[in-house]
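Presented below is the structure to which this report refers.
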Amino acid sequence: MTTKPLIVDIITVEPSMWSALDSGVIGRAKRESLWQLHTWQLRDFAEKKDGRIDDKPYGGNPGMVISYPPLDRAIKSIHKHRDHKPYVILPDPAGTPVTQSMLADLAEHKHLAFVCGRYEGIDERFCTQHVDLRASLGPYVVSAGDLPAMVMVDGIVRLLPGALGNRLSAQRDSFHDWLVDHPCYTRPQTYNGDLVPEVLTQGNHQKILAWERMHQLGRTLETHPERFIGQSLKIDDIAQLRQYFQKSPPPESE
C-alpha cells in the first residue's frame, strides 16, 4: 500500500523564497514524493489590477494590513483543488510556541496550509474564520511569515516516514522527549590536542548511554530549566546531574 504524500500549500507574496526547500534532506524527500509543496501567489487573488493586497489599518496605526478578500479567495481556491480540507497555520509571534511535539502532531495531517503574513499583519476576521493554529518560533518579529513557515515545514517533513536515512535519527533528536541532545564526536580521535571523551571510544555501551544521559540532563538544566517542571527524576538522574556540574559548574546568575 502506497502512502499518499503530505500536501503543503503556501499562501505567500514571495513564492520564490520557497525554492530553499529544494535542497538537502527536505528536497530529497520532496523528489521521492514523500511530500508536495504548492505555492499560491496571493497577488493573483487581489481585487485590484495592480495586485495590491493590503490597505491602511482601522484605528490609525502605522503600517499596512493584508486584506481579508484576497486571503479568503486564496484559501477557498485551495479547498477547490484538494481532496481534504487543509489544517491552516499562521506563523505569528503571538501564537503558540512551536515544540517538537507540535511538529510531530502536524506531521500526522494529510494536508497543511501556511498563510505567510507580511507588513503589520493580516485582517483578524480571516484568522477567526480560517486559521486553525497560530504558531510562534519565539518572542521576536521577522519581515514575513515565510521564514518561520519554512522552519516548521522542515521540522515536519523530516519526521515523515522515509525522510531520514536512518529512522532512529528523528527519535534521537533534541526534544524528541523533553531533553536536549548530548554532544557528538567523530574521527579523528585527536585534533589540535583536543581528545574525544575516552568513554566514547572504549565500546562499553552501558557507560556510553550513562554518559549521554548525564549530558542530556545537564545541558537541559543549563539551557531549558523550565523543561524540568513536572518531570520525575530517578535517583540515578540526580546523581548524574551532580556529576555533570562537578565537571562543568553552571554559570553564576547576574
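These numbers come from the heavy atoms of this one structure, side chains and all, not from hydrogens, waters or symmetry mates.
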Task: Pair Leu159-Gln100, side-chain contact (heavy atoms from CB on, under 4.5 Å): steps then yes or no - done: CA-CA 10 Å; Leu159 296 176; Gln100 190 67 25; 3.7 Å; yes
TODO: Compare all side-chain heavy atoms of Val13 with those of Gln41 and state whether any distance is below 4.5 angstrom.
DONE: yes
Open item on the list: Within the 4.5 Å heavy-atom criterion, are Tyr68 and His130 side-chain neighbours or not?
Closed with: yes
Task: Side-chain donor-acceptor contact under 3.5 Å, Glu222 with Tyr244 - done: yes
Open item on the list: Could you check whether any side-chain N or O of Arg242 sits under 3.5 Å from a backbone N or O of Asp237, counting only pairs where one atom can act as donor and the other as acceptor?
Closed with: no
TODO: Taking the side chain as every heavy atom from C-beta outward, state whether Ile53 and Glu47 have any atom pair closer than 4.5 Å.
DONE: no
TODO: Report the residues that fulfil side-chain hydrogen bond (donor to acceptor under 3.5 Å, both in side chains) with Glu124, sequence neighbours left out, ordered by chain and then residue number.
DONE: Arg134
Open item on the list: I need the minimum non-hydrogen distance between Trp211 and Leu200, along with the two atoms involved.
Closed with: CE3-CD2, 3.7 Å
Open item on the list: Starting from Leu160, can I reach Met150 by hopping between I/L/V/M/F/W/Y residues whose side chains sit under 4.5 Å apart?
Closed with: yes
Task: More than 12 heavy atoms of other groups within 6.0 Å of Glu226 CD - done: yes
- [ ] Using the side-chain contact (heavy atoms from CB on, under 4.5 Å) rule, pick out the option among Leu179, Val180, Leu221, Thr220 that qualifies with Arg227.
- [x] Thr220
Task: side-chain contact (heavy atoms from CB on, under 4.5 Å) assessment of Leu21 paired with Val153 - done: CA-CA 9 Å; Leu21 296 190; Val153 172; 3.8 Å; yes
Open item on the list: Contact between Asn204 and Val199 at the side-chain level, heavy atoms closer than 4.5 Å - yes or no?
Closed with: no
- [ ] Check whether Met214 and Leu195 end up in the same hydrophobic cluster, where Ile, Leu, Val, Met, Phe, Trp and Tyr are linked by side-chain heavy atoms less than 4.5 Å apart.
- [x] no
Open item on the list: Check for me, please, whether Val8 and Val88 land in the same ILVMFWY cluster - side-chain distances under 4.5 Å, paths through other members count.
Closed with: no
Task: Lys30 side, atom NZ; Gln36 side, atom CD - distance, nearest 0.5 Å - done: 10.0 Å
Open item on the list: Between His111 and Asp83, do the side chains contain a donor N or O and an acceptor N or O under 3.5 Å apart?
Closed with: no
Task: hydrophobic_cluster_shared for Ile10 and Ile122, side chain cutoff 4.5 Å - done: no
- [ ] Rounded to the nearest 0.5 Å, what's the gap from CG on Leu209 to NZ on Lys207? Could you check?
- [x] 13.0 Å
Task: Residues Asn61, Glu120; criterion side-chain contact (heavy atoms from CB on, under 4.5 Å); working and verdict - done: CA-CA 9 Å; Asn61 292 319; Glu120 288 301 306; over 6 Å; no
- [ ] Would you check if the side chain of Trp35 reaches a backbone N or O of Ile26 as a donor-acceptor pair within less than 3.5 Å?
- [x] yes
- [ ] Measure the CZ-CG distance between Arg28 and Asp22 for me, rounded to the nearest 0.5 Å.
- [x] 14.0 Å
TODO: Would you please name every residue forming a side-chain hydrogen bond (donor to acceptor under 3.5 Å, both in side chains) with His215, sequence neighbours left out?
DONE: none
- [ ] Of all the heavy-atom pairs spanning Ala135 and Met102, show the shortest one and how long it is.
- [x] CB-SD, 4.3 Å
Task: Lys85 and His79, any side-chain heavy atoms less than 4.5 Å apart - done: yes
Open item on the list: For a quick test of reading the model, state the closest non-hydrogen atom pair linking Ala149 to Cys116 and the distance between them.
Closed with: CB-SG, 4.0 Å
Task: Asp9 and Arg82 ion-paired at < 4.0 Å - done: yes
- [ ] Would you kindly say whether Gln202 and Glu198 are connected by a side-chain donor-acceptor distance under 3.5 Å?
- [x] yes
Open item on the list: Please report the interatomic distance CG(Leu241) to CZ(Arg213), rounded to the nearest 0.5 Å.
Closed with: 9.0 Å
Open item on the list: Rounded to the nearest 0.5 Å, what separates atom NE2 in His109 from atom CG in Asp132?
Closed with: 8.0 Å
Task: Short side-chain donor-acceptor distance under 3.5 Å, Asp146 and Thr12 - done: yes
Task: Closest contact, heavy atoms only, Ser136 versus Gly95 - done: CB-O, 3.6 Å
- [ ] Look at Arg52 together with Asp50 and state whether they make a salt bridge at an N to O cut-off of under 4.0 Å.
- [x] no
Task: CD on Gln243 to CG on Asp236, rounded to 0.5 Å - done: 11.0 Å
TODO: Find out whether Trp40 and Asp44 are in side-chain contact, i.e. whether some heavy atom of one side chain is under 4.5 Å from a heavy atom of the other.
DONE: no
TODO: Can you see which heavy atom on Leu90 is nearest to which on Val115, and at what distance?
DONE: CD1-O, 3.2 Å
Task: Intermediate values then yes/no, side-chain contact (heavy atoms from CB on, under 4.5 Å), Gln189 and Thr201 - done: CA-CA 8 Å; Gln189 187 172 342; Thr201 67; 3.7 Å; yes
Open item on the list: Less than 4.5 Å apart, side chain to side chain, heavy atoms only: is that true for Leu112 and Ile7?
Closed with: no
TODO: Identify the heavy atoms of Leu71 and Ile11 that sit nearest to each other, and give their distance.
DONE: CD2-CG2, 4.4 Å
- [ ] Check whether Leu147 and Val151 end up in the same hydrophobic cluster, where Ile, Leu, Val, Met, Phe, Trp and Tyr are linked by side-chain heavy atoms less than 4.5 Å apart.
- [x] yes
Task: Under 3.5 Å: donor-acceptor pair, side chain of Ser77, backbone of Arg73 - done: no
Task: Aromatic centroids of Trp18 and His38 separated by under 6.0 Å - done: no
Task: Flag side-chain contact, heavy atom, 4.5 Å: Leu133 against Leu106 - done: yes
